[in-house]
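Below is one structure, written out as structure tokens; comments come after it.
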Amino acid sequence: MDKELIIRGVRRASMGRFLLWLVPWAALLAFGVYAAGLCLYKGLGETNMDNRFAFGLWIFLDLSVIALGAGAFFTGFLFYILKKKELKAVINSAVVIGFVCYSGAVVVLAVDVGQPLRAWFTFWHPNVHSMLTEVTFCITCYLGVLAVEYVPILLKNRKLREVPRFLVFEWELHRLMYVLAAVGTFLSFFHQGSLGGLYGVLQGRPFAFREGFALWPSTFFLFILSAMAVGPSFMVLTTSLVQKITRKALVKPEVMQEMGRISGILLIVYVLAKTVDTLVWINSTSPSLGFPAHRFYASGPFGTWILFAEIVLFGLVPALILLSRDRRARMPWLISAASLACCGIVLNRFVMTIQTQAVPSLPFLPFVTYTPNWQEVGTFLAVVAYGVLVYSISFRYLPLFPQEKDLAR
Amino acid sequence: MAAKTKARYGMSIDVDRCTGCGACMVACAVENNIPPAPEGATDRKGITWIRVYKIDNGLPFPQNRSAWVPVLCQQCGEHTPCVSVCPQNAVEVDKTTGVVGQIPERCLGCRYCMAACPYQARYFNWWDPVWPAGMEKTLNPTVSPRMRGVVEKCNFCHGRLHEARAKAAAAGRREIDPADYVPACVEACPAQAITFGDLDDRNSQVARESREGSAFHLLERLHTGPKITYRSGRPWVHDALEIKVANNKKEPVRG
Amino acid sequence: MIRGKLFFAAGLLASLSAGWLGFPSMLYERVPQPLDFNHVAHTEKASMSCQDCHSLKEDGTFSGIPKVESCAACHAEPMGTTKAEKLLVERYVKPQREIPWLVYSRQPQNVWFSHASHLKLAKFECTECHGGHGKTRHLRPFERNRISGYSRDIWGPSISRIGAGRRPGMKMDDCIDCHRANHREHSCIECHK
Amino acid sequence: MLPNVYGFQWSAGHLIFLGAFFVVGTIIAITLAMALVRSLRDKGHKVETIRWKSEFGDLPERDRACRHQFDGRLPGRVCGNGFDCRLCAKHAEIAPGTAAAEPKERYHHRGHTWAQPQPDGTVLVGLDDLATSLTGTPERLDLPAPGTRVQVNGTAWRMERNGASARVLSPVDGKVVETGDSGRGWYLKIRPDNVDFRHLLRGREARAWLQREMDRMGALLPAPAVVGPTMADGGELVEDAAKAMPEADWDAVWGGLFLQP
Amino acid sequence: MKLARRDLLKLAGGAALGTFFTPAPWKALDDVSIWTQNWSWMPVPPRGEATTRFTTCTLCPAGCPVRARCIGKQPVSLAGVGGGLCPAGLAGHHLPHYPGRVRGASHRGTRCTMDAAVAAVREVAKGGRVAILDQRPGRTASLVYRRWLAGQEGGLYLTPPAREDATLVALGGGLAFNLDEARTVVSFGAPLMEGWGSMARVLESRPKFHLVQIEARQSRTASMADTWLPAKPGTEAALALGLAHLLGSQDAGRFTPEYVERITGVPAAQVRQVARRMKDAGPAVVIGGGDPAGPFNREEEQAIAGLNLLAGAMGRTIVPRAEVPVPAGFDKLAAETALDDVPDGGIRLLIIDEAASGNPVPWSYLKRKLAPGAMVAAAACSLDGYASHADYVLPAPVYMETAQDVPAACDSPAATFSMAPGLLAPPEETIEPADFVLRVAGEGGTLAELLKARVEAIHKTRRGSVVTYADGTATPLAEMASADDLAKAFKAGARWTDAGTSSEAPGIAFAAVDAAAIERRAASAQFPLALVPFGWRGAAGPVSPIFSKLYQESRVRSSEGEARLNPATAREYGILDGGLMVVETSCGSQAMTACLDEGVMPGVIEAAIEPGTGVLEICDVEDWCGWRTAPARMRRA
């Protein structure tokens with residue numbers, strides 16, 4: 001029934017099956033919206049956050065999601081600026097994923113703050129010394145950029161491109177896309193960084209505090225690096241996932257491997273930097289603030305194993321796999337390496353957000369734990385559902401994978 | 001303007017005198033219109049601008065001894081963790097008093113400052129403030145109640161400073177009479193464990209006490225420059241309130 | 001093509017007029033004062049001074065609007081024939097009910113405004129903020145912002161806050177302008193409570 | 001945010017930070033505006049060119065094969081000029097000189113139309129046998145009114161059948177003088193602006209290409225490939241393949257046939 | 001012309017563009033965020049003229065002077081005069097709005113008129129065996145009760161156990177502590193640092209004396225004492241006898257330090273040290289009682305009080321104190337009766353004046369004293385206390401609403417008198433407990449009139465001086481022209497202090513201590529697990545909701561249902577920190593949450609008491625007199 005909306009020559013599930021796929025996600029979305037509504041209507045007392053855990057699940061997920069969404073800007077950067085033409089195969093998909101991640105993150109932030117109606121104060125009366133200001137400005141701008149980048153993909157829809165004006169606009173916009181790609185790279189560079197800075201500047205939290213260059217603590221650069229390293233891995237992951245679900249070849253394996261390679265190179269650099277940073281922190285930064293580093297790993301489930309997992313298991317191991325040609329040539333290896341890398345960055349963001357608050361800062365305070373309640377989880381699931389919906393619909397009606405047709409034959 | 005209109009207010013708390021009765025907490029709540037806790041609230045979701053913690057020397061019975069430590073906003077002076085992080089300037093250090101002010105009307109409720117504060121002295125309004133029917137009649141008009149979804153904290157009973165200034169102004173003076181400005185917790189403490197005053201005035205009692213040998217700051221090594229000083233003659237109290245750093249070549253740990 | 005332009009222009013015009021003319025009148029509801037008070041009558045006929053009703057106490061508080069008993073001092077029984085006075089005596093003086101005046105210049109709950117410091121230290125004239133209110137014969141209706149509940153005087157008469165004199169209203173920005181000009185701007189908590 | 005707003009300071013921090021913000025904002029705005037203006041400035045005549053450019057770009061690589069792949073002179077070469085060999089330097093050096101159009105000869109466009117110069121200087125445009133067989137008699141056919149201008153690779157006319165619709169690409173630039181239909185074997189009579197037909201295929205080259213095209217189409221059709229033995233070996237094409245197998249995905253077939261992704 | 005879709009789009013586009021060039025969106029945005037700053041559902045503090053008024057706190061025997069900052073008539077914050085206040089006092093102005101407040105007289109839960117209540121009580125009173133439990137003895141209201149009871153056959157005037165002046169009562173009454181003179185203070189569980197006597201006075205003289213705290217719990221007082229002797233719960237008296245022995249008493253022959261150590265667990269050396277200090281670093285004073293959690297029994301009180309004689313406290317740290325003058329017509333007063341002396345089932349009518357901060361008595365204990373079908377009438381402001389068991393509940397005015405007089409605290413060497421003028425009007429339906437009794441007695445008159453009379457009586461004496469709260473100026477009473485001036489002064493906030501105390505030691509013939517009884521009890525107190533309740537002054541009465549800061553939001557005070565255990569004990573019973581557990585005694589069981597604390601004596605379960613507490617009820621074990629300690633069992637739930 002929606003045939004004339006679907007690109008010529010690609011196979012798509014019947015409308016019925018497609019709807020069947022959407023329904024559960026839509027239901028999840030509805031549930032999450034209700035949960036979020038509760039928090040907005042009754043206040044954040046509805047959540048399990050408290051004065052010790054001022055930041056909870058939401059901030060952690062925002063950080064993770066934005067880090068994973070970095071695939072969008074980085075792929076754009078490689079494609080438009082460094083002219084890596086083979087990435088044309090995934091650029092559209094990357095943009096959609098980026099858009100989903102960022103818009104989702106922004107929505108959750110709106111629920112997370114106590115007074116969303118005053119959100120614009122940050123723009124009107126900004127404190128330019130705050131990392132959070134930097135984050136807010138950059139993310140909002142970049143979300144705008146992503147939206148603009150999304151437009152041409154939208155206009156490539158078979159029906160829409162029939163409209164001459166759209167066709168021309170898409171064409172003209174697309175010709176200028178490298179400008180947006182450049183801007184997006186600039187913005188992402190800063191907000192990925194300032195997300196790291198967010199915690200790195202907290203002198204009152206020696207667990208997170210890091211020395212750095214100028215106004216930026218080392219975490220600023222580590223976050224950028226890790227985001228760029230994992231972005232392509234996440235693209236590999238999502239692409240192969242879509243391929244699994246749709247049972248179609250969408251992207252040439254070479255492209256996947258190329259992304260894996262890029263991921264690997266950056267990852268190894270990151271691991272090295274992270275190791276150096278950790279050593280400096282343990283031996284100088286933390287003790288000089290009066291906190292022997294071992295104190296942080298003494299209490300609760302957060303032992304030194306976290307450090308190992310972060311640096312070796314989820315850092316070094318995937319990096320090495322991705323760097324060896326014949327390993328990454330095999331899909332299972334490539335994918336498991338990519339997923340390891342993604343886990344790594346998620347764990348890193350978890351340590352930064354949750355563990356930082358779990359370890360007591362005053363010597364007589366106890367170690368406390370926190371578990372999100374259904375309102376928080378629900379709100380998060382809503383974002384996931386929203387993402388799946390947007391992506392599914394885009395995948396059905398928009399040319400996300402130009403190589404699909406070639407591979408279909 | 002006259003020199004005396006500028007001050008650096010601070011407190012000195014004698015841990016040995018504190019009986020842990022909680023008068024300061026109640027007085028603070030009454031003075032600053034802090035609502036009673038709703039049903040679900042715990043000691044992690046409550047609002048207590050000043051909070052008395054129980055510490056002990058960790059020895060087994062009968063050697064065990066406990067003490068009580070009132071912790072409030074330390075009004076950091078040098079590096080103020082919460083000020084630099086607030087995205088919309090809702091937190092700032094008042095140049096004329098050194099008080100770290102939190103403006104609920106400007107606050108967005110992002111809670112970044114709470115993550116930044118090492119003293120756990122900032123509190124978020126997780127719920128709408130609700131008083132039992134009729135009790136809003138007893139609210140203090142010199143302090144405006146905070147709405148849900150914003151962060152708040154001790155500001156040395158700034159409402160009282162306002163009143164003191166108004167009183168001075170009515171007499172045509174800019175400098176206030178120190179006796180007119182005493183925070184509620186200081187006034188309420190039956191044990192007189194808390195002294196308050198201008199640290200810049202070297203002869204003031206608080207300045208003298210802050211210079212005593214037994215005086216120390218919480219988490220001194222963070223270099224936040226707190227204006228709250230703690231005093232105790234009991235060595236174990238120092239041990240319980242300070243983190244001893246092993247194997248570091250930095251300056252020796254002292255309170 | 002031209003037809004399209006016409007429609008566009010029409011939309012533009014409509015929204016512009018709605019925003020500049022319709023919106024302001026919709027935003028404020030006009031509430032009549034409980035009584036039509038005549039300042040002139042009191043200052044001239046009764047030859048009272050402002051301080052008789054609005055005075056500064058030495059603890060720094062400002063009396064603001066007098067209680068009904070001070071009205072009762074003279075108006076225990078109607079002295080004149082005006083409807084307003086009759087109303088005053090019957091509705092408020094006799095039953096000793098306070099008059100629910102709607103104060104044009106009332107600052108919101110979260111603002112600390114000290115008349116003392118502005119009168120005694122800054123040497124303000126009342127008229128600086130209250131204009132010729134003391135010279136009025138009638139009370140204009142109180143205009144309440146339907147969204148924020150504020151008096152219109154806080155924002156100022158002109159919706160754009162442009163061209164209404166040095167300080168168009170009594171908004172924070174207006175306070176700040178003056179405080180800045182006189183180097184008395186130190187911090188938010190200095191005026192926020 | 002702005003100098004007149006409370007909280008703003010003339011400090012390096014503010015200026016740098018807000019400066020950067022406003023610059024970024026402006027760049028985004030300008031980019032959008034430029035794209036919009038450009039697209040508005042164009043009053044429709046560029047549409048055909050742009051459409052072809054963008055669609056050509058979206059064609060699968062194998063469909064963009066250079067003509068010289070077929071005669072084996074440039075194996076594996078992909079066309080970068082939207083099949084307009086007149087602009088192609090490579091083509092100029094391989095097949096130099098202008099091939100002046102010879103009357104009665106059929107010049108084949110990659111979009112399966114042919115152009116046949118007439119003595120009177122006009123050109124007949126029709127569908128080649130493969131296309132004819134795969135389209136049969138269209139259910140709907142809207143031909144441009146005489147006087148309409150058409151351009152190479154631009155839309156010549158539209159056809160619909162079995163829910164499949166297609167824009168047939170014009171092989172030549174010129175003005176329509178007369179319209180025909182499937183019955184008369186040709187669809188348009190065009191007075192061409194020029195007789196430079198270098199971008200069209202003819203003779204052996206055309207046959208090689210057509211041969212290849214049949215396999216290509218065959219792949220899009222359900223087996224057994226009903227397009228029988230080709231003209232080359234004196235075979236016959238099915239009269240109306242569309243009627244023969246309604247189950248085929250005609251939309252895709254036509255898309256492949258008329259180079260529309 | 002007909003509208004095409006594109007036309008509408010154009011129109012909308014134009015409108016959208018235009019809107020940005022009007023103030024509407026921006027002003028609306030601004031106003032909306034202003035709206036979030038003064039939501040309609042935000043409580044608005046009162047506006048009005050700020051005034052300062054004075055009163056005297058009636059929430060505990062300390063009777064602290066209070067400065068109330070008022071808006072109009074409404075107090076909005078309270079502060080001490082020249083000193084601090086306790087949490088209860090600081091939030092006293094919340095009590096009128098106490099959520100659980102009793103509204104209107106009721107009979108077994110159904111509303112009834114005051115007259116009906118009066119009539120019903122009067123009817124029963126005719127039958128005699130009438131008792132009044134006066135939670136705050138020494139007030140003018142108390143005189144009213146005692147006068148009426150004196151006239152009833154078998155009239156009993158009951159006062160709460162665990163009184164702060166229990167030691168003084170045991171010594172014969174008419175006495176007061178004088179801590180200012182003391183250099184050594186030996187306290188048997190008296191909460192000196194947490195609310196005993198007048199906090200201000202105690203803290204003032206604290207630097208001058210060495211504090212020895214004898215208590216099983218590491219109470220706040222214990223942890224702030226110079227010496228803490230954690231005697232096993234229930235063996236305190238044995239320790240007292242041990243000290244007596246060392247101070248050369250005949251009654252305590254067998255109580256050598258070593259023997260005491262065996263019973264109490266306190267090292268003999270420490271006992272000797274304390275005894276030496278009492279001898280050498282005098283003058284010393286020994287204080288027992290005042291622990292809100294429960295009283296010592298008679299033998300224990302005797303033993304503790306007796307120590308004072310041995311330590312030579314009489315006349316130095318324990319001084320005679322004159323009574324505040326009493327108006328005419330109060331010559332015949334019922335004597336105080338201790339609850340233990342009341343035979344079980346001996347009361348037919350019990351009227352309870354639930355004055356604030358009277359220490360709680362387990363209801364089961366009171367019940368035992370009631371005859372079958374006896375009537376209970378409670379004058380209370382909430383149902384948290386005894387009122388929940390009463391047949392008739394009489395809504396009483398609370399602090400701030402009622403004009404009361406405040407007797408001197410037990411540590412005030414001189415007699416004092418001050419008033420708590422009602423800063424707020426009491427609600428219509430309330431009645432002064434004293435006025436209720438007056439109506440039952442049919443004697444006419446009101447408490448207010450009697451207070452006036454008492455002020456006149458004081459004025460007649462021409463003794464002592466009056467100090468105003470406002471500016472602390474002292475005026476000799478002799479200089480006060482009329483009783484009205486004095487009354488005015490009291491209304492405005494003032495305290496009359498009697499002239500200097502007579503220092504000659506009262507000739508007290510002290511009853512011999514029943515050492516055998518104490519030994520018996522101490523011996524039987526050697527049970528494996530002891531349940532030890534503890535509480536704060538006023539823990540029995542209603543408190544301001546703002547106390548959530550102490551109980552709920554900081555847990556600086558452990559709240560009802562929390563059992564504090566030594567980790568070792570907990571381990572023994574497999575109980576985890578924060579885990580659920582059940583405590584059982586021979587008269588009931590209660591579920592509690594465990595809270596491990598190294599400061600708790602092994603084998604001891606410390607449980608906090610609160611209004612309507614259930615803990616006390618299971619602490620009252622019949623075969624174990626007193627409820628400060630109860631043999632208990634516990635298990636994990």
Side-chain angles (χ1 to χ4, degrees), chain A residues 3-4 6-11 88 120-129 133-134 137-138 140-142 144-145 147-148 151-152 155-156 158 161-162 164-180 182-184 186-187 190 215 399 402-409, chain D residues 1-2 5-9 11-18 20-21 23-25 27-32 34-42 44 46-51 53-55 57-63 163-167 216 219-220 249 251-256 258 260-261:
Chain A
K3 207 163 182 332
E4 66 280 1
I6 297 174
I7 316 130
R8 256 207 188 87
V10 301
R11 304 214 160 286
K88 187 178 195 299
W120 58 275
F121 285 6
T122 309
F123 294 90
W124 201 237
H125 311 284
N127 168 13
V128 299
H129 308 294
T133 315
E134 212 170 301
F137 274 73
C138 293
T140 334
C141 294
Y142 186 50
V145 171
V148 177
V151 169
L155 295 180
K156 270 222 183 281
R158 184 174 168 188
R161 75 192 298 173
E162 291 299 323
R165 179 138 285 150
F166 288 174
L167 184 76
V168 180
F169 180 65
E170 185 270 324
W171 175 257
E172 297 293 356
L173 191 53
H174 200 271
R175 278 170 55 197
L176 295 167
M177 202 49 84
Y178 65 93
V179 182
L180 294 176
V183 172
F186 170 81
L187 289 171
F190 273 97
L215 7 157
Q403 291 178 348
E404 179 178 3
K405 244 181 287 178
D406 281 344
L407 297 164
R409 302 201 184 146
Chain D
M1 184 176 226
L2 304 167
V5 175
Y6 176 66
F8 180 91
Q9 297 145 18
S11 66
H14 270 79
L15 296 181
I16 296 170
F17 184 91
L18 294 173
F21 169 66
V23 168
V24 164
I27 292 179
I28 299 174
I30 289 180
T31 320
L32 262 177
M34 269 175 70
L36 201 62
V37 169
R38 283 185 184 175
S39 59
L40 288 177
R41 208 193 289 120
D42 148 63
K46 245 167 61 204
V47 175
E48 290 298 323
T49 332
I50 288 173
R51 174 178 285 126
K53 275 191 185 150
S54 93
E55 293 197 336
D58 295 345
L59 283 177
E61 236 172 53
R62 63 206 314 287
D63 296 11
S165 71
R167 287 177 283 101
R216 190 164 76 87
L220 288 174
D249 178 355
D251 185 52
V253 175
W254 282 26
F258 297 114
Q260 281 152 41

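Convention: sequence-line order gives letters A, B, ...; per-chain numbering from 1. Note that the structure is a prediction, hence the values are computed from the model and not measured.
- If you tally non-hydrogen atom pairs under 4.5 Å between each of A:K156, A:K88, A:H174 and chain D, the highest count goes to A:K156.
- Here D:F17 and D:F21 keep their ring centres 6.0 angstrom or further from each other.
- Heavy-atom distances place both the backbone and the side chain of A:P164 under 4.5 Å from chain D.
- If you take CG on D:L32 and CG on A:L173, they are separated by 6.0 Å, rounding to the nearest 0.5 Å.
- Most heavy-atom pairs under 4.5 Å with chain A, from the set D:S54, D:A20, D:A252: that is D:S54.
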>> Set out, in order, the CA-CA distance, both residues' side-chain angles and the distance that settles salt bridge (Lys or Arg N to Asp or Glu O under 4.0 Å) for A:R8 and D:D251, then state yes or no.
In response: CA-CA 7 Å; A:R8 256 207 188 87; D:D251 185 52; 3.5 Å; yes

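- If you measure heavy-atom distances from D:L36 to chain A, the contacts under 4.5 Å come from both the backbone and the side chain.
- Shown here are the salt bridge (Lys or Arg N to Asp or Glu O under 4.0 Å) partners of D:D249, two or more places apart in sequence or in another chain: A:K3.
- Contact of D:Q9 with chain A is not made at all, since no heavy-atom distance falls under 4.5 Å.
- Put simply, of D:G13, D:S11, D:G7, the one with the most heavy-atom pairs under 4.5 Å next to chain A is D:G13.
- For chain A, no part of D:I30 is nearby; none of its heavy atoms comes within less than 4.5 Å.
- Within a 6.0 Å sphere centred on CZ of A:F166, heavy atoms belonging to other residues, nucleotides or ligands number 12 at most.
- Ranking D:I27, D:D58, D:V253, D:L18 against chain A, the residue ahead of the rest is D:D58, based on heavy-atom pairs under 4.5 Å.
- For D:E55, the salt bridge (Lys or Arg N to Asp or Glu O under 4.0 Å) partners at least two apart in sequence or on another chain are D:R167.
- In plain terms, the two heavy atoms of A:C138 and A:F190 that are nearest each other are SG-CB, 3.8 Å.
- Listed options A:V168, A:V128, A:I7, A:L176 were ranked by heavy-atom pairs under 4.5 angstrom with chain D; first place goes to A:V128.
- Among the candidates A:R175, A:R161, A:E134, A:Q403, the residue making the largest number of heavy-atom pairs closer than 4.5 Å to chain D is A:R161.
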